[in-house]
Amino acid sequence: MPDLLDSLPTLEALFTPSPESVASSIKKFQAEIKRGLNGENSSIAMHPSYVSRPTGREVGEFVALDMGGSNVRVTVVVLAGDGVISVKQHETLRLSRIDGEAADLFDPIAAFIGSVLEEGRNYDLGFIFAFPTDQAGVNRGRLTKWTKEFAFRGVEGNDVSELLEQSIVRQTGTIPELKSVSVTALANDTVGVLVTGAYSDARCDMGLIVATGTNMAVAVDRTLVSRPLPPTVGNPDEMLFNMECGNFDGVVSIQTPYDRILDAESDSQGQLLEKMISGRYLGEIVRLVVAGMISEGRGFSGWNGLNSVFRVPYGFTTEHLSDIAHDETPELAGVGMLLNRLGVGAVGIHERSVFKKTCQLVAGRSARMVAMSIAATTLYIDPLLESQHVVAVDGSLFRGYPGYQEGVQAGLQEMLGDSAAERALVSYIRDGSGIGAAIIAAVAGAGSS
Ligand code: GLC
């Protein structure tokens with residue numbers, strides 16, 4: 001019988017693309033950015049967001065709605081100018097479902113906004129909608145397709161600000177606090193985190209989310225784009241683009257068989273880079289490796305028993321993966337206990353350690369692919385790395401997975417070289433995307449000083 005440990009070098013090779021193939025992904029990524037910017041068909045769509053970076057002098061009080069995963073957040077944000085931001089209130093609603101009719105999504109969200117606000121005040125609301133959206137203005141945009149396995153009907157192809165406004169109007173009778181809310185801005189979460197970074201640091205020109213999904217935004221000088229672009233609110237010479245680079249498909253040659261199964265079994269095919277990086281998928285990749293080993297008779301035998309999470313698609317989650325990484329004891333007692341709770345039964349140290357290594361390989365590849373995206377984007381806007389760039393990052397995976405940030409940093413050093421890597425500083429901003437909605441509402445005209 002083949003030994004489980006013998007499988008490790010194979011797994012390591014599968015989940016560690018060579019530096020040459022990463023370099024070739026960087027080239028393809030840049031070619032896709034170019035096509036996207038030119039308005040050609042591309043796996044990196046580059047949606048204009050109709051807004052530039054803020055000056056840092058915007059002031060006022062705004063409401064931010066942040067919707068992009070199962071947690072919806074409403075935040076009341078006060079912008080004081082000079083890059084100073086304070087959060088007055090911050091509430092979270094956990095969505096009970098990710099499919100249904102449009103009203104099943106927007107009605108509870110509108111009611112939740114009402115529960116947070118005071119009656120008799122006017123509120124400008126910035127709406128972060130963290131899905132691919134073809135914008136038609138700073139507060140208008142149609143969902144092009146659901147990602148992250150969301151599947152509410154009647155939303156694709158429709159203006160999501162309008163759907164939110166309709167839900168707000170429907171409920172003003174019973175929730176009077178909603179009467180005075182206007183949707184002033186609509187933006188992707190990556191654009192939100194970019195503007196939050198830029199509000200206090202003018203060097204910030206990229207935004208990155210590594211959470212349920214993954215994606216980037218970038219500030220581009222109009223002179224770099226050959227086609228006419230719509231006007232920008234704020235600085236007319238610049239446009240922030242929601243890249244939608246989670247959909248990048250130049251990674252087919254480095255996909256493992258497990259990535260291909262994951263994509264084939266997903267509710268929506270595509271988003272190939274996102275499926276290698278984001279929290280929605282990492283646990284499932286590990287589960288598919290375990291399933292493969294079991295069916296080849298290489299090990300993990302009995303792990304898919306009746307009560308085991310490994311039996312169920314998406315039963316093993318990225319949170320579990322993070323718990324596994326936290327156990328640094330030589331005996332991996334925590335891993336054993338967790339597996340027990342997940343319905344696996346008693347597991348020897350041998351299997352525990354191969355399992356932990358597998359989790360690390362999958363998470364490590366995710367961090368390296370994030371570095372690939374940052375390196376490619378930075379080199380696109382500044383091929384000789386002449387300026388200092390800052391990438392503002394938000395997201396639970398980036399924040400919570402032990403060693404993740406170091407993995408991204410190591411990847412940047414590998415791809416750009418030690419000193420050039422310092423040209424792309426990665427800076428974590430908690431709740432950056434939601435706060436950004438308020439800043440965009442301010443840039444959109446409600447409160448510039
Ligand atoms: C998915 C969405 C994208 C979003 C990202 C992070 O990739 O398509 O719009 O920015 O997740 O939430």
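Quick caveat: nothing in here was measured; it's all calculated off a predicted structure. Only heavy atoms go into these numbers, but all of them, side chains included; no hydrogens, no water, no symmetry mates.
Counting heavy atoms from C-beta on, the side chains of Thr358 and Phe15 never come closer than 4.5 Å. Proximity of Leu194 to Thr190: side-chain heavy atoms (C-beta onward) are nowhere separated by under 4.5 Å. The shortest distance between side-chain heavy atoms of Ser182 and Asp124 falls below 4.5 Å. Residues Leu65 and Leu164 form a side-chain contact, since some pair of their non-hydrogen atoms from C-beta on lies under 4.5 Å apart. Leu186 places none of its side-chain heavy atoms less than 4.5 Å from the side chain of Tyr50. No side-chain heavy atom of Arg423 sits under 4.5 Å from any side-chain heavy atom of Leu416. Within the 4.5 Å cutoff, the side chain of Ile254 has heavy atoms near those of the Val251 side chain. Between Phe150 and Thr212, the closest side-chain pair of non-hydrogen atoms is not below 4.5 Å.
By the 30° and 60° cut-offs, the orientation of the rings of Tyr404 relative to Tyr401 is perpendicular. Taking the six-membered ring where tryptophan is involved, the planes of Phe106 and Phe127 are perpendicular, since the angle between them exceeds 60° and thus also 30°. Relative orientation of the Phe398 and Tyr428 rings is parallel, given thresholds of 30° and 60° on the angle between their planes.
A salt bridge links Arg170 to Asp107: at least one charged side-chain nitrogen sits closer than 4.0 Å to a carboxylate oxygen. Under a 4.0 Å N-O distance rule, the pair Arg97/Asp104 qualifies as a salt bridge.
With hydrogens and angles disregarded, no donor-acceptor distance shorter than 3.5 Å links the side chain of Arg352 to the backbone of Ala333. A donor-acceptor pair is defined here as one N or O able to donate and one able to accept, closer than 3.5 Å; no such pair exists between the side chain of Arg280 and the backbone of Glu274. At least one donor-acceptor pair under 3.5 Å links the side chain of Lys275 to the backbone N or O of Gly270. Looking at Ser373, its side chain does come within 3.5 Å of a backbone N or O of Met369 through a donor-acceptor pair. Under the 3.5 Å distance criterion, the side-chain polar atoms of Asn307 are left unmatched by any main-chain donor or acceptor of Gly343. The closest donor-acceptor contact from the side chain of Thr318 to the backbone of Leu321 lies at 3.5 Å or more, if one exists at all. Put simply, the side chain of Arg73 never gets that close to the backbone of Thr92: no donor and acceptor are under 3.5 Å apart. At least one donor-acceptor pair closer than 3.5 Å links the side chain of Thr144 to the backbone N or O of Pro132. With Glu149 contributing its side chain and Ser266 its backbone, the two residues share no donor-acceptor pair below 3.5 Å. A donor-acceptor pair is defined here as one N or O able to donate and one able to accept, closer than 3.5 Å; such a pair exists between the side chain of Ser295 and the backbone of Gly292.
There is no side-chain donor-acceptor pair under 3.5 Å between Asn188 and His47. Checking Asn139 against Ser161 by side-chain atom types alone, no donor-acceptor pair falls below 3.5 Å. Between the side chains of Ser49 and Gln135, no donor N or O sits under 3.5 Å from an acceptor N or O.
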Could you walk me through whether Arg140 and Glu165 pass salt bridge (Lys or Arg N to Asp or Glu O under 4.0 Å), step by step? CA-CA 11 Å; Arg140 292 281 151 226; Glu165 283 162 353; 3.1 Å; yes
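At least one cation-pi condition fails for Lys34 and Tyr380: the charged atom is not both under 6.0 angstrom from the six-membered ring centre and inside a 45 degree cone around its axis.
Ser43 pairs in a side chain to side chain donor-acceptor pair (under 3.5 Å) with only one of the listed residues (Glu244, Glu32, Lys28, Gln271), which is Glu32.
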